[in-house]
Chemist: 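The structure that follows is given in the form of structure tokens.
Throughout, a chain's letter reflects where its sequence line sits, starting with A, and its residues are numbered from 1. Computation of the quantities below employed the complete heavy-atom set of this structure, encompassing side-chain atoms and omitting hydrogens, waters and symmetry-equivalent molecules.
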Amino acid sequence: MAYNDKVLEHYEKPRNVGSLDKNDTHVGTGMVGAPACGDVMKLQIRVNDDGVIDDAKFKTFGCGSAIASSSLVTEWIKGKTIDQALAIKNKDIAEELALPPVKIHCSVLAEDAIRSAVEDYRKKQKGGSHAP
Amino acid sequence: MNPTMVLCWSCRGVVPTGEGFCPGCGIIQPPDPRRDHFASFALRPDFTLDLAALDRGYREQQQRFHPDLFATRGATERRYSMEHVTRLNEGYRILKDPLLRGEYLLKLAGFRSQTPENSAPSDPAFLMEVMELRESLEEVDLKRGDALGQLTRLRNQVEEACSGELLAMTQYFAAWFDSRGQGSLEQAARHIDRLRYFIRFIEELDRKEESFFS
């Protein structure tokens with residue numbers, strides 16, 4: 001299968017692979033999966049006191065497009081606020097990587113991963129010591 | 001015209017739908033695409049399947065439609081024979097495999113699996129479990145002496161998980177055929193999804209094991 005150069009670039013040199021401490025209250029962990037193909041994706045964000053994502057890590061077991069989508073997303077969300085990160089849509093990812101139609105679901109997975117990570121972070125913040 | 005009847009393409013006599021041969025002239029008929037694969041092998045649609053009966057049904061049907069029997073006949077008969085055999089092979093492949101059989105039953109029941117865009121968030125604890133399994137597999141160092149032992153342990157663990165999913169599928173499909181409750185079908189679909197993650201894992205494990213021996 002002919003992959004686009006940008007996909008290959010992220011696939012061969014994925015950015016920000018790894019893990020953050022999932023027990024840290026500043027860290028949100030997103031876990032998503034594609035039941036149709038059995039791919040799993042973990043995306044973690046660390047949010048500083050100004051509400052800015054200052055670090056992001058991912059781990060993806062799946063095809064090249066899924067790895068590239070999550071790698072790209074970690075690059076994009078670093079330095080962004082949570083709301084800016086949530087504004088990233090799968091269409092943006094698919095366009096940037098020129099994903100073919102059969103691989104669009106990989107970019108959907110990456111978008112879902114951002115949402116899932118933010119949700120986890122917000123849940124932690126509500127339940128944490130900052131609660132009113 | 002009664003939808004359970006068709007006309008024989010050769011003698012124009014009446015043929016009950018699904019009959020392989022015209023009762024009047026005995027000529028082979030095209031396969032009925034609406035006939036489900038269970039019916040092709042004279043089996044009751046169910047997740048629990050008598051595999052010996054499937055094998056038997058497959059052999060019997062192959063013997064009725066085998067292209068060798070039609071080698072000296074006209075082009076139409078030869079084509080219908082091929083179509084029957086292709087369909088039988090496809091049906092056999094699907095029914096024999098528990099994952100494909102489960103997916104096929106969902107399709108027959110008219111169950112629409114949700115697209116990734118609108119699916120409910122999957123169970124994060126389960127995904128975490130899959131992620132950890134994938135990480136353990138990734139961490140197996142093939143250069144180490146106990147690598148094969150580690151792979152075998154992972155395989156046993158996941159095969160056991162597969163058995164659990166198959167058992168759950170068996171129960172929920174049985175409940176579906178019993179009372180036709182949509183909830184049973186949703187549960188069956190959930191366990192099919194989980195099984196797919198585990199089967200995908202075993203494929204990766206096979207690949208890693210193969211690279212050890214090559």
Chemist: Can you confirm whether more than 12 heavy atoms, excluding those of Lys89(A), are under 6.0 Å from its NZ atom?
Modeler: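 Atom NZ in Lys89(A) is crowded, with more than 12 foreign heavy atoms closer than 6.0 Å.
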Chemist: Within a reach of under 6.0 Å around OH of Tyr11(A), are more than 12 heavy atoms found that belong to other residues, nucleotides or ligands?
Modeler: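 No.
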Chemist: Could you tell me the separation between the CE atom of Met131(B) and the OG1 atom of Thr60(A), rounded to the nearest 0.5 Å?
Modeler: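 Atom-to-atom, Met131(B):CE and Thr60(A):OG1 are 6.0 Å apart.
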Chemist: Under a 4.5 Å heavy-atom cutoff, which of Arg200(B), Arg134(B), Arg194(B), Arg196(B) has the most pairs with chain A?
Modeler: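 Ranked by contacts with chain A, first place is Arg134(B).
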Chemist: Identify the heavy atoms of Leu127(B) and Gly33(A) that sit nearest to each other, and give their distance.
Modeler: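 Heavy atoms only, the tightest pair is CD1-N, 3.6 Å.
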Chemist: Please classify the contact of Asp39(A) with chain B as side chain, backbone, both or neither, using a heavy-atom distance under 4.5 Å.
Modeler: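 Contact with chain B involves both backbone and side-chain atoms of Asp39(A).
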Chemist: Does CZ belonging to Arg73(B) count more than 12 external heavy atoms closer than 6.0 Å?
Modeler: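 Open: at most 12 neighbouring heavy atoms sit under 6.0 Å from CZ of Arg73(B).
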Chemist: Check the pair Glu204(B) / Phe61(A) against side-chain contact (heavy atoms from CB on, under 4.5 Å), numbers first and verdict last.
Modeler: CA-CA 10 Å; Glu204(B) 288 298 323; Phe61(A) 291 97; over 6 Å; no
Chemist: Does a sphere of radius 6.0 Å around CZ in Arg79(B) hold more than 12 heavy atoms from other residues, nucleotides or ligands, not counting ones at 6.0 Å or beyond?
Modeler: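 Above 12, so yes.
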Chemist: Counting distance only, does the side-chain N/O of Tyr197(B) pair as donor-acceptor with the main-chain N or O of Cys37(A) below 3.5 Å?
Modeler: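 A pair under 3.5 Å: no.
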Chemist: Distance check, rounded to the nearest 0.5 Å: Ser19(A) atom OG versus Glu135(B) atom CD?
Modeler: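 Output value for this atom pair is 6.0 Å.
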Chemist: More than 12 non-hydrogen atoms from neighbouring residues, nucleotides or ligands closer than 6.0 Å to CZ on Arg180(B), yes or no?
Modeler: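 Check passes, neighbour count above 12.
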Chemist: Any chance you could lay out the salt bridge (charged side-chain N to carboxylate O under 4.0 Å, His left out) test for Glu132(B) and Lys42(A), step after step, and finish with the verdict?
Modeler: CA-CA 11 Å; Glu132(B) 278 164 12; Lys42(A) 179 173 79 176; over 6 Å; no
Chemist: Does the side-chain contact (heavy atoms from CB on, under 4.5 Å) test come out yes or no for Met31(A) and Glu129(B), once each step is laid out?
Modeler: CA-CA 10 Å; Met31(A) 283 292 310; Glu129(B) 182 190 330; over 6 Å; no
